[in-house]
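Nothing here was measured: the structure is a model prediction, and the numbers come from that model.
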Amino acid sequence: MFNILEARDLAPGVRYVRVEAPKIARRRKAGQFVIIRATSDGERIPLTIADSNAEEGWIALIVQGVGKATKTLNRLGAGDAIPDVAGPLGMPSRIERFGTVVSIGGGVGTAIAYPSAVALKEAGNQVISIIGGRDSSYVLLEEEMRAVCDEVYPTTDDGSYGYHGFVTDKLTDLIEEGRHLDFVLAIGPIPMMKAVAEVTRPHSIETVVSLNPIMVDGTGMCGGCRVAVGGETKFACVDGPEFDAHLVDFELLAMRNRAYAGFENTRLDEMDQECDRPQLLPVVPGGSA
Amino acid sequence: MTEFTLKDRMAMARQKMPEQEPVERRGNFTEVNLGFTAELAVAEAQRCLMCRRPVCIEGCPVGVQIRDFIGLVAEGDFDGAAKVIKLDNSLPAVCGRVCPQEDQCEGACVLGRKDKPIAIGALERFVADYERLNGIATADAPPVSTGKSVAIVGSGPAGLACATDLARLGHDVTVFEALHVLGGVLSYGIPEFRLPKEIVQAEIIQLEKLGVTFTTNAVIGMIDTLDDLLGEEGFDAIFVGVGAGLPRFPAIPGENLVGVYSANEFLTRVNLMKAYKPDAETPVYDVTGKTVAVFGGGNTAMDAVRTAVRLGAAKASIVYRRSEAEMPARNEEIVHAKHEGVEFRMLANPVEFLGNEEGVLTAMRLQEMELGEPDQSGRQSPVPITGSEWVEDVDMVVVAIGNSPNPLLQKTTPDLEQTRRGTLVADGVTGRTSKHGVFAGGDIVTGGATVILAMGAGRRAAVSINDYLNTGEWEIEPEAPLVG
Ligand SMILES: Cc1cc2nc3c(=O)[nH]c(=O)nc-3n(C[C@H](O)[C@H](O)[C@H](O)COP(=O)(O)OP(=O)(O)OC[C@H]3O[C@@H](n4cnc5c(N)ncnc54)[C@H](O)[C@@H]3O)c2cc1C
Ligand code: FES
């Protein structure tokens, strides 16, 4: 069992979950993920490691409750335990001294981009961070980013906070201002990553995205996570999850991620009904899920 | 006990394995074969001619003392029979169910020349089940510790067999498994209706009683490298039995459409993640009333197609590029699949999968094949017939054309020599690899093979690991026969 040391809300439906996992905390590198199961009959789901502390022996996960598995996890709190955490999995982010880099995070993607932004800064890069959110409540980790990055630009779709517009609008501004950009890392919803790729493509700015296909084992055994990159089939769990944004087939990824949409909806409906019945779910200390 | 003459014995008919009726079993995941009763087992054992030179034993990759155990069954001493089997085979309840007996012991049986061979697999299964169900299996008490420790990477049949023997010798054994469930292919691949998971669990509990430690969720190569295990973790030796778990795809257009599965994914969702149960949390493509095609001719293909039948497919077929004679699957699986209504379409191969604008599979383009010259495997190789392509509707496709070794471990262990196919180079007898203190066996060395061959390799490696731990000597004959 893996103990949950802390769990708190970051944004509506988004939780920060700190899990005791000393070995993983020591081994993980930026960009890697774990596969967890929240309950003993739960689904195996991949979650990027957002932070870790080797001395204290924990890893942090940022969980957006979208399906039953993530929503179940988000009902747990400090003192609860989850049966399975396997990792670190996947290839670490490519961290080099590129020059000026832009780290773009959309919603929960910011949390995933954060460790790479830290590592890129440590590698001697000038790091610009663009943090996008639907509205101000989804602009995550701004303070943390400010502590490590040279420039930070929050953006909101509705203009409720920071720059009014999409992350790509801010990125375009930077390019048009004549800023020389050597490398872009974009992590967020598929349409956002695709849009970033289209902005940087004409300028030949090297761009990397972190993909989130449906996974089962996370070790290269099932092929469920396959993505097409430059016309070739890749297994995101072992060959990725980060790939060259200019070569990724985003349409395919979006279609594959919809494969079980109907099933998920049924499970979520059942879950909502269960919610009405008291005592069925564990008490969440300090949580408001 | 009645004495039978040779003539009496030869006149007896082979006992038939009782099984669930096809109509009934098409709708459930419980085991198809029901197993011999004690009466049937004794009657079948009495057919044995007790050959002076039992060729059946030569046909068994681990040399089970078949004649002796069958003799004991004929006398009604099932407990004694179990002890004899266990001397050579630590997983008889599994092997009795999944070994390709027709190519091994039963294929060698002299009775088979004129009539039907002894049902050795069914008898092995009976004896093992009898022992388990009657709680006779007394786990040996953990022996005195030698103070040496061995890490086993992978909990499939190779790893489990190696762990058993080393634990019995008093070594401190820890098994590391990447998944959250132990057993390798026995748990995630082979379905419940052919190998109930409680049997695999029972074997693992026996091993725990022997003092073996199991660590799940441990992906070696990622959380610890082999060097970490030998270094900071302090293990004296390692056995690598990570199997051949990387599914191959045909590299044709449309293979990434929704509805195209590897057999590994389809079977893992259904077996490991229990997607066949109505309240399962893990989904699988809903095939109720749909058309399913499975590509391949091995056990994996049979398991996948029969799983699709049970999930409610209206039409399920095996599409194989050679002819039925070349199919590597066990005979019994082919027969069972046919009785369950699976259509067998030979000499056909997919060239393209077609989908709709949602990216969902709707059809497949197939091509007719003919058999040409024999290839490396000795089987006639399939050759496409030009201009023979056609398109037909299909809702789900499962690709079961084989697995390659998973390179995860090798990536972080550059001094572990591998072949061009990605299998590990290991001595065929001792299992020693190119890396000091590291042994390997099973599918990771041979490529996808069988449970019994993996077990045999695990046991041979245990002998040589024990030698190494006792003597500290590490030499591999460069001339030794290398498998791979
Ligand atoms: C669907 C299917 C049906 C089959 N049917 C039959 C049959 O009827 N009869 C028969 O004889 N054979 C059958 N086989 C073949 C047989 O199952 C294999 O030959 C056998 O299981 C190989 O054993 P193994 O121990 O080498 O590997 P596996 O059983 O593959 O076990 C390897 C284990 O290692 C784990 N692992 C992998 N990488 C790592 C890592 N880096 N760290 C930690 N753990 C790791 C895996 O998760 C797995 O649990 C079938 C195979 C399949 C897929
Ligand atoms: S998740 Fe199974 S191969 Fe990647």
Asker: Which region of Ile24(A), side chain (C-beta onward) or backbone (N, CA, C, O), has a non-hydrogen atom less than 4.5 Å from a non-hydrogen atom of chain B, or is it both or neither?
Answerer: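 Both backbone and side chain of Ile24(A) come within 4.5 Å of chain B.
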
Asker: Could you name the residues of residues 179-188 of chain B that have a heavy atom within less than 4.5 Å of a heavy atom in chain A?
Answerer: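 The list, in residue order, reads Leu179(B), His180(B), Tyr188(B).
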
Asker: With no hydrogens and no angle check, is any side-chain donor or acceptor of Asn406(B) less than 3.5 Å from a backbone partner on Thr219(A)?
Answerer: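 Looks like yes, one N/O pair under 3.5 Å.
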
Asker: Taking 4.5 Å as the heavy-atom cut-off, does anything in residues 232-248 of chain A contact chain B, and if so which residues?
Answerer: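 Within residues 232-248 of chain A, the residues under 4.5 Å from chain B are Thr233(A), Phe235(A), Val238(A).
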
Asker: Are any of the side-chain heavy atoms of Gln32(A) and Met222(B) separated by less than 4.5 Å?
Answerer: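 They are in contact (side-chain heavy atoms under 4.5 Å apart), so the answer is yes.
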
Asker: Are the side chain of Asn217(B) and the backbone of Asp84(A) linked by a donor-acceptor contact shorter than 3.5 Å?
Answerer: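 Between the backbone of Asp84(A) and the side chain of Asn217(B) there is no qualifying donor-acceptor contact (under 3.5 Å).
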
Asker: Verify side chain to side chain contact (heavy atoms under 4.5 Å, CB included) between Asp228(B) and Lys23(A), making sure each step is shown before the conclusion.
Answerer: CA-CA 12 Å; Asp228(B) 292 330; Lys23(A) 196 77 172 270; over 6 Å; no

Asker: Of the non-hydrogen atoms in Arg226(A) and Glu255(B), which two are nearest, and what is the gap between them?
Answerer: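 Answer, listing the atom of Arg226(A) first, then Glu255(B): NH2-O, 2.6 Å.
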
Asker: Relative to chain A, which of Asn256(B), Thr282(B), Val219(B), Leu408(B) shows the most heavy atom pairs under 4.5 Å?
Answerer: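 That would be Asn256(B).
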
Asker: Counting N and O atoms only, with roles assigned by atom type, does the side chain of Arg258(A) sit under 3.5 Å from a partner on the main chain of Glu358(B), one being a donor and the other an acceptor?
Answerer: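 No; zero donor-acceptor contacts below 3.5 Å.
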
Asker: Pick from Asp279(B), Val399(B), Leu257(B): which one has the most heavy-atom pairs with chain A under 4.5 Å?
Answerer: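 If we count pairs closer than 4.5 Å to chain A, Asp279(B) comes out on top.
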
Asker: Between the side chains of Asp41(A) and Lys277(B), is the shortest nitrogen-to-carboxylate-oxygen separation below 4.0 Å, so that they form an ion pair?
Answerer: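 No.
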
Asker: Check Pro247(B) against Met221(A) and note the closest heavy-atom contact, atom names and distance.
Answerer: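 Where Pro247(B) meets Met221(A) most closely, the heavy atoms are CD-O, 3.1 Å.
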
Asker: With heavy-atom distances below 4.5 Å as the criterion, would you say the side chains of Asp224(B) and Arg27(A) are in contact?
Answerer: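 Contact flag for Asp224(B)/Arg27(A) side chains = yes.
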
